[in-house]
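Here's the structure, in structure tokens; my notes come after.
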Amino acid sequence: MISFPAFESLTRCHKMRLSRYFLPILRDTPKDAEIVSHRLMLRAGLVRQQSAGIYAWLPLGLRVLSKINAIIRQEQDRSGAIELLMPTMQSADLWRESGRYDAYGKEMLRIKDRHDRDMLFGPTNEEMVTDIFRSYVRSYKDLPLNLYHIQWKFRDEIRPRFGTMRSREFLMKDAYSFDVDEAGARHAYNRMFVAYLRTFARLGLTSIPMRAETGPIGGDLSHEFIILASTGESEVYCDKSVLDLAVPGPDTDFNNVEELQTIVSNWTKPYAATSEMHDEAAYASVPEDRKVAARGIEVGHIFYFGTKYSEPFGAKVTGPDGVDRPVHMGSYGIGPSRLVAALIEAFHDDQGIAWPVEIAPFHVGLINLKVGDEATDAACETVYRALEARNIDVLYDDTDARAGGKFATADLIGLPWQIIVGPKSLADGKVEVKRRADGERHVVTIEEAVLLVAG
RNA sequence: CGGGGUAUAGCGCAGUCUGGUAGCGCAUCUGGUUUGGGACCAGAGGGUCGUGGGUUCAAAUCCUACUGCCCCGACCA
């Protein structure tokens, strides 16, 4: 099977000249944007609003989204999930089978095709994936199975707001697990739990799993993954000790039931709940100096729902005893388009965005302070080619703008490293390297600069 | 869905009360002077004033209907 990271590395362009790029920077803040991530996404040319809660992803924003998706894919694949791609448009008949065509209400965007058939823009895919499953899978030997896709969803929110944080059209990674019994489903749940911890950590985020509403099934198998941010929509309460837990490493054995259960148990032991699930009595027993009451952004949600869909859909497998049983299912969602906004909430300062290295749209911004000058042009070309040779993503500012404007743009779009080439340092054969996150600068030779940013 | 706003050049706004044929800043283009943290001078281009209907000699401006967008509340990756 061709893995997506390999596919993406074939198509990704590693270098770009700003003079030839499409990067519409806004100097002024559009008045609609209330929260900092929304402002910066518009100003840095990541997205453009096309309608209420509907956004076009501009080239720089798409690069970030793609990098997030690549990390999500790697961790989903590592945990044993398998990617497919289901359509955005779905037939209403499928949703009538589960009873959700009526139950979903106005949040579902309903459409009629030319033959007057009832269609809808999918807000989620439980029905469709269950239909796919029941069409092909007959035996317990084919389980466990976890199918996921990354696809656009539409939920006709009453009031979309906060840019891509709460949009109507949004990208979602949704995974669906199928197991022969509840014990198997619990292990499937734990696999996703660990995959999520790893995914958010790789994105540079500290995520906290919190008990969430379980719906009709009950039990303890639903968690929201929350990152702390003052602009978050959720009120959260937790025991600070959860922040010190070690994230499971890449060598985690996802087939080892005990190992995963131990990890999940450790992570769910400290108190952590959103306001809906908050238990004052339990919170009161958390030592005073470890209490955290804050706001958070929900970036992931996992839950087990047993046979809620498999039963009405007749999604059964034949067990070793020859008896057919409906499969036990769970679903697991991450919102990449929301994550872009959440990441900016977590990584910005007064000058603009400061992307974590893993998901920065480019790794390096190469700034030519005197375009047209033979020496600076030549030095920049040398750096540009050296970075290209090492497959380091570079955005080369070869425009003839003034120094101040270039610095402002570079800080705004927030690439992790800036290599600044100007006559001043070049007089000594040096260039300047600036780390965006903390502003630390080094005046070094070109060779040293390339090594420095290469890490 | 209820409440409150708003709609004039790519962005931010003035002009509306008191009707007379559209302006400012930024951005863009041209020329010049500049050039290490968002320069300066001179010139230029760009607008069915959200849409439809109405009043009037005349509508961005008054009346009316509609629509888009934003904000505040209850639901959600």
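Keep in mind that what you see is a predicted model, and the values were worked out from it rather than measured. To find a chain, count down the sequence lines: A is the first, B the second, and so on, and within it residues start at 1. Keep in mind that the numbers below use all heavy atoms, side chains included, and drop hydrogens, waters and symmetry copies.
At a threshold of 4.0 angstrom between heavy atoms, the contacts of A/Ser425 include nucleobase atoms, whether or not backbone atoms are also involved. Within 4.0 Å (heavy atoms only), A/Asp174 reaches no atom of the nucleic acid at all. Looking at heavy-atom distances under 4.0 Å, A/Gly300 makes contact with sugar-phosphate atoms alone, never a base. Among the heavy atoms of the strands lying under 4.0 Å from A/Ser167 is at least one base atom, whether or not backbone atoms are also near. Heavy atoms of A/Gly405 sit under 4.0 angstrom from at least one base atom. Contact annotation for A/Ala52: backbone-only contact, meaning every heavy-atom pair under 4.0 Å involves sugar-phosphate atoms and none involves a base. Residue A/Glu107 is in base contact, counting any heavy-atom pair closer than 4.0 Å across all strands shown.
Taking every side-chain heavy atom of A/Phe407 into account, B/G37 is the closest of B/G37, B/C72, B/U35. Taking every side-chain heavy atom of A/Lys434 into account, B/G37 is the closest of B/A77, B/C69, B/G37. The side chain of A/Arg161 lies closest to B/G73 when the candidates are B/G73, B/G36, B/C1. Taking every side-chain heavy atom of A/Arg338 into account, B/A77 is the closest of B/C71, B/G36, B/A77.
Position along RNA chain B of the nearest nucleotide to A/Ile25 versus A/Phe303 favours A/Ile25 as the more 5'-ward residue. Mapping A/Arg441 and A/Ser337 onto RNA chain B by nearest heavy atom places A/Arg441 closer to the 5' end of the strand.
In this structure, B/U28 forms a base pair with B/A44, meeting either the Watson-Crick or the G-U wobble geometry with both donor-acceptor distances under 3.5 Å. Of all nucleotides present, only B/C57 satisfies the Watson-Crick or G-U wobble test against B/G20, with each distance under 3.5 Å. The partner of B/C1 is B/G73, by the rule that a Watson-Crick or G-U pair needs both atom distances under 3.5 Å. In this structure, B/G37 forms no base pair with any nucleotide, since neither Watson-Crick nor G-U wobble geometry is met with both distances under 3.5 Å.
Counting heavy atoms of neighbouring residues, nucleotides and ligands inside a 6.0 Å radius, atom CG of A/Asp113 exceeds 12 of them. At most 12 non-hydrogen atoms from other residues, nucleotides or ligands lie less than 6.0 angstrom from CD of A/Glu374.
Taking the centre and axis of the six-membered ring of A/Tyr304, the NZ or CZ atom of A/Arg186 falls outside the cone set by 45° and 6.0 Å.
Comparing B/U55 with B/G19, their C1' atoms sit 11 Å apart, to the nearest whole Å. Nucleotides B/C49 and B/G10 are separated by 13 Å at their P atoms, to the nearest Å.
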How does protein reach along nucleotides 8-15 of chain B, written 5' to 3' as B (base within reach of a heavy atom under 4.0 Å), S (only sugar-phosphate), or - (no contact)?
---BSS--

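The distance from the CG atom of A/Leu143 to the NE2 atom of A/His328 is 11.0 Å, given to the nearest 0.5 Å. Atom CD of A/Gln418 sits about 8.0 Å away from atom CZ of A/Phe407, to the nearest 0.5 Å.
In this pair, A/Phe170 lays its aromatic ring flat on the base of B/A77, centres within 5.5 Å and planes under 30 degrees apart.
Between A/Glu276 and A/Arg211 there is no salt bridge, since no side-chain nitrogen of the basic residue lies less than 4.0 Å from a carboxylate oxygen of the acidic one.
By the salt bridge (Lys or Arg N to Asp or Glu O under 4.0 Å) test, A/Lys112 is found to be paired with A/Asp118, residues two or more places apart in sequence or in another chain being considered.
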